[in-house]
Amino acid sequence: MNAYEARKTRLVAALREGGGAVRLGKSTSNLFRARQQPAGTRLDVRDFCNVLGVDPVAQTVEVEGMTPYETLTDACLAEGTMPLVVPQLKSITIGGAVSGVGIESSSFRYGLPHESALALEILLGSGEIVTATPENEHKDLFFGIANSYGTLGYVLKLTAKTRPVKPFVALRHRRFGDIDTYFAALGDACRGDADFVDGTVFSGEELYITEGRFVDEAPYTSDYTWLRIYFRSIRERTEDYLSVRDYIWRWDTDWFWCSKNLYVQNRPLRFVLGRKRLNSITYQKVMRWNTRVGLTAALNRWRGRRTESVIQDVDIPLENSADFLRFFLATIPIRPVWICPIGGHDPSRRFPLYPLGGDGFFVNFGFWDVMPSAANLAPGHFNRLIEDKVRELGGVKSLYSDSYYDEQTFWKLYDGEEYFRLKRKYDPNGRLRDLYEKCVRRG
Ligand SMILES: Cc1cc2nc3c(=O)[nH]c(=O)nc-3n(C[C@H](O)[C@H](O)[C@H](O)COP(=O)(O)OP(=O)(O)OC[C@H]3O[C@@H](n4cnc5c(N)ncnc54)[C@H](O)[C@@H]3O)c2cc1C
């Protein structure tokens with residue numbers, strides 16, 4: 001029995017011997033909703049973190065489900081290849097990105113991480129393990145797993161597509177001063193020949209599109225892994241060059257720009273902290289500690305300040321994106337906003353729980369901060385406004401953070417009919433809990 005098979009046998013035994021609801025035991029997480037952990041069985045999956053094989057000829061990789069993208073990407077880069085879509089934070093695991101939802105600047109061409117999976121080995125709540133592919137008898141589970149957040153099964157192993165890389169990425173940052181022109185240009189960029197496209201909005205008059213192209217040689221390379229900060233460079237220069245590895249992790253060093261909440265955008269402090277501590281894994285640990293001990297909450301109570309956490313990624317059809325941005329800029333005082341186009345969908349492959357329908361482009365808007373609120377506003381007031389607007393504009397919201405939908409609306413948006421059919425088939429005893437309970441009630 002090889003090491004992977006031995007680990008699987010141990011996991012199945014732990015699941016079958018343990019009682020009650022099941023949850024994953026991992027050392028990192030990128031989930032941003034506070035959770036009540038259910039009593040029951042905590043499955044220790046920390047050792048499902050190995051890259052089993054990279055095939056640069058077939059352009060595929062075989063990898064265990066809890067492998068962080070940093071490990072996976074390093075193994076692929078060593079073979080001159082990379083996963084089609086690598087989410088920006090090093091600790092996101094491939095199983096988490098496929099079962100939750102991930103995205104990056106190659107998504108305009110390759111869609112979301114679940115769209116580049118070829119086969120999934122999934123542990124069900126019963127302890128049975130099934131292989132799901134787009135063609136076999138478990139194809140319904142293959143397509144249903146995206147956005148199921150571990151409520152239909154746990155992805156233990158995947159085969160996924162990769163693509164060849166070149167050593168460097170040449171960046172071009174273009175500035176726009178008008179929202180309509182910006183989204184028209186974003187559509188053009190998606191139809192062009194760039195390898196990567198994303199954007200950063202500082203205000204309604206200062207919007208950037210960044211295009212990246214693989215190149216064999218670079219006149220210089222910039223370093224944003226220590227004293228210099230990538231998001232600032234977008235405003236300061238029109239072109240730049242990064243090694244392919246530094247490009248992939250350009251957002252990780254400062255958690256996009258959210259490192260400001262930990263005061264580490266201060267140069268002397270960066271100098272003291274050093275490269276190794278400046279990353280999303282450190283920030284997650286500090287934020288979790290803060291939530292646990294309630295430091296910021298206590299300070300806010302003491303100052304008489306009410307706040308609301310607005311940490312969301314929403315996907316809006318390109319044609320409605322200007323409307324969404326206008327609404328956002330007028331309603332939510334969070335800046336910058338990250339912009340990432342999504343395309344490349346195969347219309348014959350439908351992922352029912354995350355329905356980015358049609359063959360046009362969507363645009364992801366990412367905004368992550370805590371904003372001031374007022375005593376007369378209901379809890380989740382601003383998040384609810386966003387949810388309503390997303391729905392009105394035909395968009396879809398990621399579920400890694402807070403959600404406030406009522407149950408009926410939620411199941412309409414995330415295909416409750418298909419979800420409960422899958423649930424009856426693959427988790428009839430309900431050991432893996434239910435998506436609404438997990439993502440909205442935070443059970
Ligand atoms: C501030 C912030 C920024 C983000 N930015 C990005 C971004 O830029 N790009 C991006 O792509 N994504 C982003 N995300 C979302 C992130 O990709 C998803 O939350 C993803 O699910 C996290 O994966 P993880 O491996 O860290 O899983 P965890 O956080 O550990 O778990 C997330 C959920 O997925 C389930 N799960 C985890 N592993 C598996 C598995 N192997 N099989 C089945 N279910 C599993 C867990 O039960 C849990 O419900 C962001 C999230 C936050 C909080």
Side-chain angles (χ1 to χ4, degrees), residues 1-50 52 62-68 71 91-100 114 117 119-132 137-138 140-142 144-158 281 284-285 288-289 291-292 353 399-400 419-443:
M1 196 189 293
N2 68 29
Y4 170 68
E5 294 297 327
R7 285 197 291 277
K8 257 181 10 185
T9 305
R10 175 193 51 78
L11 202 64
V12 169
L15 181 87
R16 289 195 166 140
E17 282 158 21
V22 183
R23 67 191 163 97
L24 287 182
K26 290 170 78 232
S27 47
T28 58
S29 171
N30 289 283
L31 217 48
F32 236 82
R33 45 186 137 81
R35 288 166 284 178
Q36 285 166 5
Q37 297 293 9
T41 303
R42 185 172 186 267
L43 276 188
D44 186 348
V45 292
R46 283 174 300 179
D47 53 358
F48 282 80
C49 57
N50 300 285
L52 303 172
E62 194 182 23
V63 57
E64 293 177 3
M66 289 70 183
T67 308
T71 310
S91 65
I92 293 177
T93 66
I94 183 159
V98 164
S99 316
H114 56 261
L120 308 172
E121 208 165 277
I122 300 174
L123 172 66
L124 304 181
S126 62
E128 190 191 343
I129 294 177
V130 299
T131 300
E137 74 270 33
H138 298 302
D140 53 356
L141 185 57
F142 179 90
I145 206 83
N147 210 32
S148 67
Y149 281 96
T151 64
L152 294 175
Y154 294 121
V155 179
L156 297 184
K157 190 175 87 171
L158 308 87
I281 300 173
Q284 278 281 2
K285 282 187 189 152
R288 269 176 216 293
W289 170 82
T291 307
R292 222 176 29 250
L353 307 191
L399 297 174
Y400 67 77
Y419 178 76
F420 286 111
R421 194 190 67 74
L422 291 167
K423 197 72 179 158
R424 283 192 296 275
K425 184 169 169 188
Y426 291 104
D427 185 32
N429 298 322
R431 285 201 77 188
L432 303 180
R433 295 181 288 157
D434 140 332
L435 191 65
Y436 185 76
E437 186 196 337
K438 203 169 175 182
C439 298
V440 184
R441 291 207 187 103
R442 308 178 196 179

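These numbers come from the heavy atoms of this one structure, side chains and all, not from hydrogens, waters or symmetry mates.
- In this structure, S99 contributes its side chain and G96 its backbone to no donor-acceptor pair below 3.5 Å.
- Side-chain contact check for T67 versus F48: every heavy-atom pair is 4.5 Å or farther apart.
- To the nearest 0.5 Å, atoms NZ (K8) and CG (N2) are separated by 8.0 Å.
- For K285, the side chain to side chain contact (heavy atoms under 4.5 Å, CB included) criterion is met by I281, not counting sequence neighbours.
- No side-chain donor from either of E62 and Y4 sits under 3.5 Å from a side-chain acceptor of the other.
- When atom types are taken as modelled, the side chain of Y149 and the backbone of Y400 share a donor-acceptor pair closer than 3.5 angstrom.
- Across all non-hydrogen atoms, the minimal contact from K425 to D140 is NZ-OD2, 2.7 Å.
- In this structure, the side chains of L158 and L120 come closer than 4.5 Å at one or more pairs of heavy atoms.
- If you take NE2 on H114 and CZ on F142, they are separated by 9.0 Å, rounding to the nearest 0.5 Å.
- The line from CE of M66 to OH of Y154 is 8.0 Å long, rounded to the nearest 0.5 Å.
- The closest donor-acceptor contact from the side chain of E64 to the backbone of C49 lies under 3.5 Å.
- For the 3.5 Å distance criterion, the side chains of T151 and Y419 qualify, holding a donor opposite an acceptor.
- Put simply, the side chain of R7 gets close to the backbone of D47: a donor and an acceptor are under 3.5 Å apart.
- The backbone N or O of S126 sits less than 3.5 Å from a side-chain atom of R16, completing a donor-acceptor pair.
- Listed here is the closest heavy atom pair of I122 and A132: CD1-CB, 4.2 Å.
- Judged purely by atom type and a 3.5 angstrom limit, K157 has no side-chain atom pairing as donor or acceptor with the backbone of G65.
- Taking the centre and axis of the six-membered ring of Y436, the NZ or CZ atom of R441 falls outside the cone set by 45° and 6.0 Å.
- With sequence neighbours excluded, the residues that form a salt bridge (charged side-chain N to carboxylate O under 4.0 Å, His left out) with K423 are D427.
- Taking 4.0 Å as the cut-off between side-chain N and carboxylate O, R10 and D44 do not count as a salt-bridged pair.
- Judged purely by atom type and a 3.5 angstrom limit, R431 uses its side chain to pair as donor or acceptor with the backbone of L15.
- Rounding to the nearest 0.5 Å places CZ of F420 at 8.5 Å from CG of L435.
- The side-chain heavy atoms of L141 and L124, taken from C-beta on, include a pair separated by under 4.5 Å.
- Proximity of V45 to L11: side-chain heavy atoms (C-beta onward) are separated by under 4.5 Å at one or more points.
- A 4.5 Å side-chain heavy-atom check between L123 and L43 finds at least one atom pair inside the cut-off.
- A donor-acceptor pair under 3.5 Å links the side-chain atoms of N147 to the main chain of L353, judged by distance alone.
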